[in-house]
Amino acid sequence: MKKILIEIVDTIDTSQVYSELSHAQSGGICVFIGSVREFTDQEEVVALEFETYKAMALKEMEKIANEALSKWDLNKLILRHATGLKKVEEPVVIVGASSSHRTECFEACRFLIDTLKERVPIWKKEIFRNKTVWVSAHP
Amino acid sequence: MKKILIEIVDTIDTSQVYSELSHAQSGGICVFIGSVREFTDQEEVVALEFETYKAMALKEMEKIANEALSKWDLNKLILRHATGLKKVEEPVVIVGASSSHRTECFEACRFLIDTLKERVPIWKKEIFRNKTVWVSAHP
Amino acid sequence: MEILLFGIAKDIVGESRLLLEGEHSEVVSVGQLKQFLKRKFPGFTNLTSFAVAVNSEYAADDVPLGRNDEIAIIPPVSGG
Amino acid sequence: MEILLFGIAKDIVGESRLLLEGEHSEVVSVGQLKQFLKRKFPGFTNLTSFAVAVNSEYAADDVPLGRNDEIAIIPPVSGG
């Protein structure tokens, strides 16, 4: 039973996350799922495409996991990101943690997604009807 | 597609929560799951037993849901609590929210579980090897 | 007047329902019901606190109790 | 020296890998690589920012580049 679960996958299966984070010493599990929104600034998004530098992304995700473990008393922790083309409502990222009490898992879960978005080499291209945009690339 | 989902059930199926909270306008979903811990103050817990005043509990859960909707811009929201005997690692409560951006769903999710624990008429009995204790009943 | 009992309140009284007959006609408000319970069942005085619900809403001490109201004793909640 | 390109960096260069041959032997550090890219591909000057990774770790400008290092251009990340 590994404490940390880190993966980059083609498709995220959200139905497994409870059993992945469940732990006899955990009273609380907090999970965040990021999914594709239909509109960005009033423009209709057809899909998002995710590209990763996989070797480095996994390394950065592992660093984030270890930082979380050093900050909070966690029993289990997960960071999983999808790659490739994702349609509206599809999950693209799932992070979560389980801990004895709820404050720890809430704070850790927020840290995991915030830090993943800041540092992990994954890039998102928004595909609109008439154009594509690499998110955050330009000021 | 109802915006609010409120239930008191015998068994919580954690695998459905993503599809229950997923929404085309939501980029973020935050879920909290409370489960049975093996130890309370170093004492081994055999099981927890939950009792509810169901009519009132559902009313209070609905008030909490509406308070959350008035505080944050949420697309969907769930409050589901289990009753009866629950063993170690079994889920006893699941709350969650989905929103355009992640801050809203995190804050709402924390509010949902904190307020549920404060106000909803549900009682938890800890069953140890040699005794049972109604949690929080005595100072 | 019938009173629903939950959690430790049920254990203190030894029943899941308590029937108040005519001899308790002085119990006409939430506050009076709380006083009555503490006198009759000393276990209530040891609780962290307890509330009364009238028609499945938390009720303040001055809320009157009617014959057709659904009345319940709400010991400290501990869900989640 | 081979450089991996991701996201918009790939679009700017028009390839997913960039080969720097002997004629670019002045590019021996992360900082020099960034300068070289901005000169050669003006699209890099329009980005919010971009980083360089050496052996799959973020690298500061003074980190040297070796022939056997895995070097990658990291435009602004946008996962999640």
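These numbers were taken from a predicted model, which means no experiment stands behind them. A note on names: the letters A, B, ... follow the listed sequences, proteins ahead of strands, and every chain is numbered from 1.
- Residue Leu47(D) holds its CG atom at 11.5 Å from OG of Ser136(A), rounded to the nearest 0.5 Å.
- Of all residues spanning residues 49-56 of chain D, those with a heavy atom less than 4.5 Å away from chain A's heavy atoms are Ala53(D), Asn55(D), Ser56(D), arranged by number.
- The minimum heavy-atom distance linking Ile74(D) with Trp123(A) is given by the pair CG2-CZ2, 3.7 Å.
- Applying side-chain contact (heavy atoms from CB on, under 4.5 Å) to Ser78(D) and the options Lys117(A), Lys124(A), Glu51(A) leaves one that passes, Lys124(A).
- With values rounded to the nearest 0.5 angstrom, Phe6(D) atom CZ is found 9.5 Å from Met56(A) atom CE.
- Interatomic distance, OH of Tyr58(D) versus NZ of Lys63(A), reported as 9.0 Å (0.5 Å rounding).
- Contact detail for Thr48(D) and Pro139(A): the closest heavy-atom pair is OG1-N, 3.3 Å.
- Atom OH of Tyr53(A) and atom CG of Leu4(D) lie 5.0 Å apart (nearest 0.5 Å).
- Between the side chain of His81(A) and the backbone N or O of Gly80(D) there is at least one donor-acceptor pair closer than 3.5 Å.
- Glu49(A) does not touch chain D: none of its heavy atoms, backbone or side chain, sits under 4.5 Å away.
- The parts of His138(A) that come within reach of chain D are both its backbone and its side chain, each placing non-hydrogen atoms under 4.5 angstrom from that chain.
- For CG of Asp61(D), the number of neighbouring non-hydrogen atoms (other residues, nucleotides, ligands) closer than 6.0 Å is greater than 12.
- Contacts between Ser35(A) and chain D at a heavy-atom distance below 4.5 Å are absent for every atom of the residue.
- Only the side chain of Val92(A) comes within contact range of chain D, with at least one heavy atom under 4.5 Å from a heavy atom of that chain.
- In this structure, the portion of Leu5(D) lying under 4.5 Å from any heavy atom of chain A is its backbone and not its side chain.
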